[in-house]
Number of protein chains: 2
Amino acid sequence: MDSIGFASHDHTRCIASGLEAVDSYCAQNRLQFTAVRRRVLEILLQQHHALGAYEILEYLRQEGLGSQPPVAYRALDFLVKHGFVHKIERLNAFIACMHPGEPHTPVFMICRKCASVAEAQREPMQGQLGAVARAAGFLIERTVVEAEGLCPKCQDPSE
Amino acid sequence: MDSIGFASHDHTRCIASGLEAVDSYCAQNRLQFTAVRRRVLEILLQQHHALGAYEILEYLRQEGLGSQPPVAYRALDFLVKHGFVHKIERLNAFIACMHPGEPHTPVFMICRKCASVAEAQREPMQGQLGAVARAAGFLIERTVVEAEGLCPKCQDPSE
DNA sequence: TTGTGATTTGTTATATCATAACTATCTATC
DNA sequence: GATAGATAGTTATGATATAACAAATCACAA
């Protein structure tokens, strides 16, 4: 269970290393990390918060990389399918993964005030959800776990 | 932690008791349980699976209870706000609550094959999500916990 | 190095989900 | 039965997402 949490970090570095990790994962797995896909991931890494598909599309449009919704959605489909990007269901928005290439089960904390989103990890079959599923005889294939509330900064009354 | 799970049950009874519970809760709390709101809840109890807002609206339309989206969405807003109905974020759909009137933190299991949805309970500040939030200093106000996979029936190869 | 099939992209159109804004009606309370 | 607040009706539009098909590109092997 780890979290980059809501703490600050070397952002230039995290963009570069995110792209590198996906580059090498795609090379190893014979996946086509095309210009549009790469740029969408880069946008999400740069922005570092959840973006709607149409916001991403607006960047692509300005850069001449595609102007219609399917272009953005297809790139996002690819990135989500391979775990490089996660969809935040509560927000109908997308965010770059903090652990690309590593199999994992993410948990998100969404601040309702500043809209920042932090990713953390959990073990899929442990905890209450695992217990509930076992009791019901349910086979979990994928989970959506999202908490809404206030991040540390936005709880602080001095700000 | 309990679950009505994917087991069969006396459905006529569960519709009636669901409506009764909400009736008395609304009476006690000075809430207006109007015809449209009541009918929307009844539809969700009857169908006993997740319905989209426009599916619900279609029932209302046929019954002369309103034909435009805001009618359905407003009734759903009321029902969700007071915990009589839950929204399944993964499906953009709504389902009647199994424990109306009792404060609780639901978990859903969504079968990708038969589309049935089971509600169970969890303790909000316990488990992995609680631990992750405490570690990050995040204050949880609301959670979305949804598992997708296969219900017991749909795992059975004989069917 | 070129043919071939599979994948990806471009584009049009449309489906699906949700709300803003305003008017009319109803309901509770005085 | 007047009045204020809540609810419902209606029009219009915004926001999110996908189907379907044509064109371009890529991977791979002949």
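Letters A, B, ... mirror the listed sequences (proteins, then strands); counts begin at 1.
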Using whole Å, report how far CG of Leu91(B) lies from C1' of dA18(C). 17 Å
Is there a donor-acceptor pair closer than 3.5 Å between any side-chain N or O of Glu141(A) and the backbone N or O of Leu150(B)? no
Find the distance between CG (Leu31(A)) and NZ (Lys81(A)) and round it off to the nearest 0.5 Å. 8.5 Å
Verify the ring-centre separation between Tyr25(A) and Phe84(A): is it less than 6.0 angstrom? yes
Gln68(B) has a side chain; which of dT10(D), dT16(D), dA18(C) sits nearest to it? dT10(D)
More 5' along DNA chain D: Phe78(B) or Ser67(B), using each one's nearest nucleotide? Phe78(B)
Separation of Glu63(A) atom CD from dT9(C) atom P, in whole Å? 15 Å
Between Asp77(B) (CG) and dA18(C) (P), how many Å, whole number? 10 Å
dG10(C), dT10(D), dA18(C): which one has an atom nearest the side-chain heavy atoms of Arg74(A)? dG10(C)
Test item: Arg37(A) side-chain N/O and Leu76(A) main-chain N/O as donor-acceptor pair under 3.5 Å: no
Output yes when at least one side-chain N/O atom of Asn92(B) is less than 4.0 Å from OP1 or OP2 of dA18(C), else no. yes
When rounded to whole Å, the CD to C1' distance for the pair Glu58(A) and dG14(D) reads 16 Å
Are the aromatic rings of His99(B) and His86(B) close, with centres under 6.0 Å apart? no
What nucleic acid atoms does Tyr54(B) come within less than 4.0 Å of, heavy atoms only: base, sugar-phosphate, or nothing? base
Do the side chain of Tyr73(B) and the base of dA20(C) come within less than 3.5 angstrom through a donor-acceptor pair of N or O atoms? no
Rounded interatomic separation in angstrom, taking CG from Leu57(A) and C1' from dT9(C): 13 Å
From CG of Leu51(B) over to C1' of dA18(C), roughly how many Å is that when rounded to an integer? 17 Å
Using a cut-off of strictly less than 4.0 Å between a heavy atom of the residue and any atom of DNA chain C, enumerate the qualifying residues of residues 21-43 of chain B by number. Gln32(B)
For Gln46(A), does its backbone N or O pair with a side-chain atom of His11(A) as donor and acceptor, under 3.5 Å? yes
Atom CZ in Phe6(B), atom NZ in Lys153(B): separation rounded to 0.5 Å? 10.0 Å
Looking only at side-chain N and O atoms, does Lys87(A) come under 4.0 Å of OP1 or OP2 in dA17(D)? yes
Which part of the nucleic acid, if any, lies within contact of Leu60(A), taking any heavy atom under 4.0 Å across all strands shown: a base, the sugar-phosphate backbone alone, or nothing? nothing
Separation of dA8(D) atom P from Leu79(B) atom CG, nearest Å, is 10 Å
Would you mind reading off the distance between Ile56(A) atom CD1 and dA17(D) atom P, rounded to a whole angstrom? 10 Å
